[in-house]
Each structure stands twice: as C-alpha cells, then as structure tokens.
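To keep things clear, I will list the structure first and then write my remarks on it.
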Amino acid sequence: MSLSHAIVALSCVSLVLGDVYMHMPRGSNNRLNERSANRNNGNRVFDSQNNNRGGYNKGDVDDEAAGNDASKQYDMAYYMSDDPNIGTGRSYLNIEWTNQHGCGGNEQGDPHKLNCQIVIQYMCHHVAESTLDNTASGTDPNFGPVDGFRTSCNKECMVPRPENPTCEYPRVKGETFQSPQMTAPQVADRTVPPCTLTEISTSTACVQKGFLWVDAQVNDMFNCPHKCVNGQESTPGQPCQQQALQYDDGGPFRRLRDGTTTNRQEFTNPNNNNLDEAARADRKQGDVEEDRAMHESWEWYDECYRRERNRGLFTADQNLRNNALGYSSAVYTRQNPNNNRRGYECPEERDYYPYWHPSPWTDIAIMTDRLDQCDFYRQESQNVKSKGLCRNTAECGNCIRYNQKATCEENGGRWVEVGSWNKETVQCLQAPWSRVNQLGNGRYGQANTFNWTIPFLDSTGDQKCVVRLRYNISTDDYDAYRVNASFNQNNGQGIQSPVQQNPAVDVGAVATAFRLAINTAQFGRTFQDRSHVLTFKNRPISAVARNNQPLFANKDLYNLGVRGKRCNIVQCFPSVEYDFMPNHLHIKEGDLVHIQWTGSNTHNNGNPAGDGQAGDAGEGTRGTDRHNLVELRSGREADFGGSFPAPFEENTLFKGLLNAYSPEDNVQQYDSTMSWEKIKENWAVRMATANFYLGYDEATQTYKHNCAHLPRGEDCDDASTLSVLLNNAPASFPGGVMQFSKGTYNYMNTRNHNFSNRDQKGHLVVE
C-alpha cells in the first residue's frame with residue numbers, strides 16, 4: 001500500500017479562530033501557571049490552533065503557587081482497571097470537551113454543515129513511585145524511562161508477546177532481513193512478529209518489570225545519540241564503549257513533565273555535517289532544558305525533521321518548504337507549510353490519522369460522521385498494527401530520511417517493523433452532535449463526553465500519562481478520502497487544485513466576481529488540546545474492605561472530580577465555570593467512587609485578555625481555586641434546587657458509607673484505630689474542609705489538622721484555623737475511594753455555589 005492511500009487526513013475548514021477545549025481532565029491549551037487570561041506561549045508543547053484565552057493552569061499542591069518548584073505541582077491520579085487476568089473491575093473517566101465548529105450527524109439522515117472527526121489518545125511511561133517530582137534524578141533503577149542519554153545503545157527493553165516470547169528480531173518468511181548485530185542479510189525461514197518497544201533504559205528496571213533486555217532492534221548505535229570513549233566509532237556487531245553523558249544542569253529528568261516556565265524546548269536544526277550520533281548527542285545536550293515542559297521526546301522531533309514528508313498527500317496550492325538538509329520533511333504539512341515548531345510535536349503525525357510510522361500515542365477512540373470508515377481505523381490503529389521505520393546504518397548515516405521500505409533499503413538503510421502496542425484496537429463510534437459556531441453543549445443540553453475505561457497498563461507501578469484530543473473538520477467541497485498529490489496545484493502541468501487561496505467566483509448575477517475567504521492551509525484543519533501530566537495508578541492490593549475482602553477487586557470505579565476555573569461565564573470563556581464532573585452520576589451498590597480534585601492558585605484571569613474580558617469573579621482569595629463537598633439539604637431525594645448544606649445530624653451521604661479508602665498513608669494511619677462510625681464522620685470532615693482537617697477530636701473538642709496539607713510555612717504546633725472561604729486550604733485534594741449505600745444524594749460546594757451567579761452541585765444515585 002502506498003503512503004498516499006494509507007491514511008485519511010485529519011482536516012477541517014475554518015474562516016475564524018477555531019477551538020477545541022478539554023474540560024475533564026483539565027486541558028492545558030499550552031497554559032502552565034499564567035495569571036493572565038491569555039496564555040503566554042501557544043507553541044510551548046503542542047499545536048492547538050486554539051484561541052489564546054482557553055485552557056486551565058496546572059494544579060498546585062497547597063495554598064500557594066508552585067512557581068519554580070516542580071514538586072509543588074499536583075498531578076491528578078486515577079486508578080487503572082483490574083488486571084484482566086485476575087479481575088473484572090473497570091475504572092471510568094469521563095472525558096469532556098467543547099468544540100467550536102460543530103460535529104456529529106451523518107450524510108444519510110442527519111446532515112451537518114461540515115464533516116468531523118474527534119480522536120482521543122494517551123501517552124504514558126512507567127514510574128516506580130508516584131511521589132517522584134519533575135526533577136527526579138532517575139538514579140533509582142526502578143524509575144523507568146527518563147529524558148536523558150541511554151547508557152547502552154546496543155540494548156533495548158521490549159515487552160514479549162506469545163508469538164515471540166524471546167523478542168527475536170522481526171522478520172517475514174521468505175524475505176531478507178538484517179538485524180544490527182548481523183554482518184550480512186539472511187532470508188527468513190519463518191515469520192516473527194515484532195515485540196513492543198518500551199522507553200525503559202536500564203536492564204535492572206526492564207527485568208524487574210518482567211520485560212526483556214535484548215539486543216537493540218530499533219534504536220541501535222546508529223540511531224541513538226551517544227559518544228564513544230576515545231572517539232572510536234561503532235561497527236556492525238561491535239558497539240563502541242560509550243561515554244556517560246548528561247545535560248549541563250544534571251539529569252536525567254522525568255520525560256513527561258509540565259515544566260516550571262512557559263518557554264518552549266529548544267531545537268538545533270541538523271546540517272549535512274553533523275548527522276552522526278556524536279553530533280546528535282551534542283545537539284540534544286544543548287537543546288533540552290529541565291524546567292521546560294516535555295511530552296514527545298527530542299529524538300521524536302529530530303527524526304520527524306529528518307524524515308521525508310509523505311509526498312502522496314494533498315497539499316492544495318500550498319508551497320511546502322525544505323529543511324536545512326535540502327529536502328521537504330515531515331515537519332512541513334499543508335497546515336504548517338513553514339514548520340512553526342510547537343514543543344517536540346511532529347506536524348505530519350499531528351495532522352494525519354492513523355499515522356503510517358510508529359507514534360508514541362496509544363489510541364482510545366475515534367468519533368466520526370463516517371462510520372463506514374471504522375474498519376479501516378480499527379485495522380490501521382497502532383494498538384494492533386506494527387508500523388515500519390527506516391534506520392541508519394554504518395553505510396548510511398541519514399537513512400532515517402526515507403519513509404518507504406524500498407527506498408530505505410535501496411540507499412543502504414535498514415527497515416524495521418516496530419511492534420504494535422498490543423492493546424484493544426481503537427473504539428470507533430458516531431461523533432456526538434454539537435452546534436456550529438458555539439463552544440457549548442450538545443444536542444440534549446449536556447456537554448459532549450466520552451466515557452473512557454482507563455485500561456490496565458501493567459502491574460509494575462504507576463505511570464505518568466498525558467491525554468490528547470484532536471478535533472478535525474472538513475467540507476464537502478472536495479472528497480478528503482480520495483484526493484492525493486495528483487490533485488495539487490501544478491501550473492506547469494495545468495493541474496488546478498480543487499480549492500485555492502481566496503478565489504474570486506462568478507455567480508452570474510453581477511459583472512464583478514465575488515471573493516471567498518478561503519485559506520487552503522486551513523481548508524482542512526486540525527485543532528487539539530492536551531491534559532497536564534496525570535498519574536495512572538495500580539489498584540492497591542492492600543486495600544481491604546470492612547469484610548476483610550479486597551476493596552478494589554472486581555469493582556467498577558467511577559471518577560468524580562471538578563471542572564472549570566475561577567471567573568464568571570464571560571471572564572472564563574472559552575473555558576468554563578466550576579462544576580462537579582460528572583454532576584449526575586448513576587451507579588450500582590457495590591461500585592466505587594473516587595472523589596478528588598485539583599486547582600490552581602494563579603487563575604487570576606488578568607490582562608492581557610485578548611479578545612475577551614479579564615477578571616476572576618468568585619469568592620475568597622483572588623486567583624485561587626478551592627473546592628469542598630458537603631451534602632445538600634433536601635426536603636426530598638429529588639430536590640436538587642436548594643443552596644444550604646445539611647448538618648451532620650441530617651447527613652445520609654457519609655453516614656451511609658459502606659467502605660472508604662484514602663491514598664494517603666497519614667490518613668490511613670489516623671483512621672486505623674477508630675470505629676467505623678468515627679471514620680465516616682472523619683470523611684465528612686475531610687470532604688468539607690478540603691483535607692485541611694483529618695477529623696474532629698471529641699476529647700479536646702477541636703479539629704485535628706492534617707499535618708501533611710498545612711498552609712505553606714506552617715507546622716502542626718501553630719497551625720491556623722481553616723478559613724470560612726477555604727482560602728488557606730490546599731488547592732488540590734487526592735480525596736478518597738468510597739462505596740456508598742443505596743440511595744439518592746445531592747451535594748454542593750460551599751464556596752463556589754453562588755445562586756444566580758454560578759452553580760456547583762452534584763447528584764448521585766446508587767441503586
């Protein structure tokens with residue numbers, strides 16, 4: 001299959017600034033901690049194509065801004081589903097977004113004004129301890145993959161699969177193959193599928209996780225930034241002795257990180273004199289900064305810059321430039337013809353789905369108005385399909401340039417298949433309907449969501465992850481599924497693109513032709529938002545229910561959080577005001593609910609505010625997000641319209657608790673000697689005080705401070721009293737996993753619920 005027919009463009013049309021914003025989990029829109037309504041740097045991590053006003057700041061741990069201290073940033077943590085080999089429990093996370101230009105419908109019975117796709121993916125890497133901060137040194141071999149320099153470019157960590165339990169070099173029966181360790185090609189006598197490549201860079205961590213430390217198959221000595229002792233070079237089968245390298249300011253660092261500055265990572269363009277791996281190591285060493293955000297790796301973008309673009313694609317009348325090596329590469333696309341770099345994102349991979357080369361992203365779902373394409377998406381997803389890549393060799397130092405197997409091998413390169421993620425294929429379903437030119441709710445008055453089942457990743461520890469949502473729209477002016485390079489504007493051959501820049505059209509009614517506002521770089525356009533860094537955690541085996549049975553095993557778990565930021569509806573736009581998410585949750589008795597939230601101390605929403613209104617209307621200290629959860633006083637179960645909390649004497653939500661678990665050791669220890677009746681009261685106190693207090697001490701008639709979450713600079717001996725507006729409470733709360741009795745419950749936030757201005761209430765039904 002040629003590259004021109006292997007993909008479908010993620011494309012859309014827009015005549016104004018277009019947008020997609022993720023509200024749960026909180027989408028960054030490239031924000032970090034800005035006190036302004038506008039973000040500082042739209043190129044910080046990824047290409048959003050969004051308005052500068054959107055997005056949410058990274059959460060803070062306590063009552064003050066994290067500033068330059070990455071350990072004071074808060075990563076939301078979600079429990080994975082059960083290991084399918086030992087349990088059936090699933091973990092659900094509602095992904096919520098708004099998109100401006102509309103979506104949904106179908107050509108047959110429910111036509112819309114445009115065509116659309118919504119693609120949701122995630123990227124993760126292992127981490128042994130969830131408490132590791134963004135500046136962790138990585139000296140612990142359990143730390144997992146980090147952003148640094150591999151100490152052994154002749155070995156890689158791979159996940160075995162039943163068809164290849166020892167992770168042999170992949171091959172196809174009857175075809176020639178040559179691994180990096182072979183001095184001559186051989187003809188395969190059998191087919192061996194590729195294993196899944198990981199980013200784990202040490203043998204100890206690899207083996208401890210149950211994976212295989214094998215001879216490098218993908219990123220060997222000719223495809224791995226490094227330097228050799230005494231300047232010697234590697235030869236096939238004889239890797240050199242490597243120098244120990246690190247960045248000027250230390251390292252290695254955690255790769256998935258939010259950074260502490262809004263500056264973008266640097267990238268030094270290669271030239272034809274510095275393509276060897278030693279020069280590549282120098283460039284990486286000088287480019288990557290610890291205090292800047294990173295999602296994709298430096299190597300990912302470097303290979304994108306050096307790999308030829310897919311010349312089978314439709315580019316209309318756009319003139320795509322060449323790179324510093326003299327050819328047009330994958331950093332140049334119809335939507336980005338000049339390579340305006342955003343972080344280390346590869347523009348070609350961003351603009352097209354499914355991508356034809358290996359990608360660091362795992363598919364979750366594609367929502368489309370073309371359900372007839374679902375089989376194609378499922379088959380081409382990297383979740384189930386390996387992807388090919390050309391690698392450098394001793395004879396060819398820039399063969400990563402070639403994007404097809406034939407040209408790769410003709411020029412002395414080595415073509416290798418990189419194993420699939422070996423996961424369930426992408427979910428393909430009808431895109432939810434939304435109205436054109438409104439960043440609002442869907443057809444039935446609710447925000448559009450996708451209920452994601454967080455997968456079981458593996459049992460070897462926590463993982464740091466990012467969720468990515470892309471929104472793509474196109475028109476019916478040309479068939480995006482059929483056009484290719486043969487339709488591109490070519491004046492020399494008399495070929496006219498089906499769409500052209502700002503054309504003048506004759507409608508026959510007047511003598512003068514009318515000009516249309518068409519930008520062919522946007523006539524087919526992709527928007528994007530991403531979460532801040534999250535933590536996905538294994539379900540704790542040690543968590544025991546009151547009947548001494550495992551609490552989490554075979555239980556479905558629903559995540560209940562908070563969306564929005566401090567402001568009124570006009571000041572917030574295109575973000576949203578506070579609310580619980582989901583604010584209507586219907587579950588079964590026995591199911592678990594993880595209640596938690598995060599907030600920022602820098603949501604001042606000040607100037608510059610771009611084309612919107614500045615301001616941070618709300619209660620309490622300006623710029624601060626604060627949340628709590630208390631039961632709503634209701635005359636009857638269906639009464640959801642009140643505004644007063646119920647006193648504990650009337651409480652049914654927490655008094656009816658069946659089980660509860662805290663992810664915090666100090667909370668577990670505090671509750672360990674208490675009766676269940678007292679523990680239920682403690683949970684009511686924690687939820688009401690945002691974890692400021694652990695509980696109420698009857699003997700001293702005082703509240704017990706949570707010494708792990710005091711205001712910055714305080715200690716337990718002289719801790720302050722909780723502010724009635726939660727000003728000195730922590731902005732983020734890891735919460736608790738709870739099992740509720742049958743019933744209907746209503747709850748609210750005491751600080752942010754302000755009748756006639758904003759509403760923050762929720763509704764829970766347990767049946």
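For clarity, every value in this text was computed on a predicted model and none was experimentally measured.
Nearest approach of Arg342 to Asn336, heavy atoms of both residues: NH1-ND2, 3.7 Å. Residues Arg309 and Thr315 come closest through the heavy atom pair NH1-CG2, 4.3 Å. Taking both residues in full, the closest heavy atoms of Val384 and Gln379 are given as CG2-O, 4.1 Å, listed atom of the first, atom of the second, then distance.
Asn398 is listed as a side-chain neighbour of Arg306, based on a closest heavy-atom distance under 4.5 Å. Counting heavy atoms from C-beta outward, Asp75 and Leu534 have side chains that stay 4.5 Å or more apart. Between Tyr332 and Asn323, some side-chain heavy-atom pair lies under the 4.5 Å cut-off. Between Asn339 and Arg321 there is no side-chain heavy-atom pair separated by less than 4.5 Å. Taking the side chain as every heavy atom from C-beta outward, Ser48 and Phe527 never approach each other to under 4.5 Å.
Cysteines Cys157 and Cys206 are disulfide-linked, with SG atoms closer than 2.5 angstrom.
Judged by the 6.0 Å and 45° rule, Arg468 forms a cation-pi pair with Trp361. Annotation: cation-pi pair Arg539/Tyr79 absent, no NZ/CZ under 6.0 Å from the ring centroid and within 45° of its normal. With a 6.0 Å cutoff to the six-membered ring centre and a 45° limit on the axis angle, Arg370 counts as a cation-pi contact of Tyr481. A cation-pi geometry, defined here as NZ or CZ lying under 6.0 Å from the six-membered ring centre and within 45° of its normal, holds between Arg401 and Tyr327.
With Asn164 contributing its side chain and Pro194 its backbone, the two residues share no donor-acceptor pair below 3.5 Å.
Checked by atom type, the side-chain pair Glu308/Asn403 shows no donor-acceptor distance below 3.5 Å.
Counting non-hydrogen atoms of neighbouring residues, nucleotides and ligands closer than 6.0 angstrom, the CD atom of Gln241 reaches no more than 12 such neighbours.
The one candidate from Arg255, Arg150, His126 that meets the side chain to side chain donor-acceptor pair (under 3.5 Å) condition with Glu199 is Arg255. Checking each of Gln382, Glu349, Glu348 against Tyr355 for a side chain to side chain donor-acceptor pair (under 3.5 Å) leaves exactly one that passes, namely Glu348.
Ring-centre distance between Trp452 and Phe536: below the 6.0 Å cut-off. Taking the six-membered ring for Trp and the full ring otherwise, the centers of Tyr478 and Phe487 sit at least 6.0 Å from each other.
Rounding to the nearest 0.5 angstrom, the gap separating the NE2 atom in His357 from the SG atom in Cys390 is 9.0 Å.
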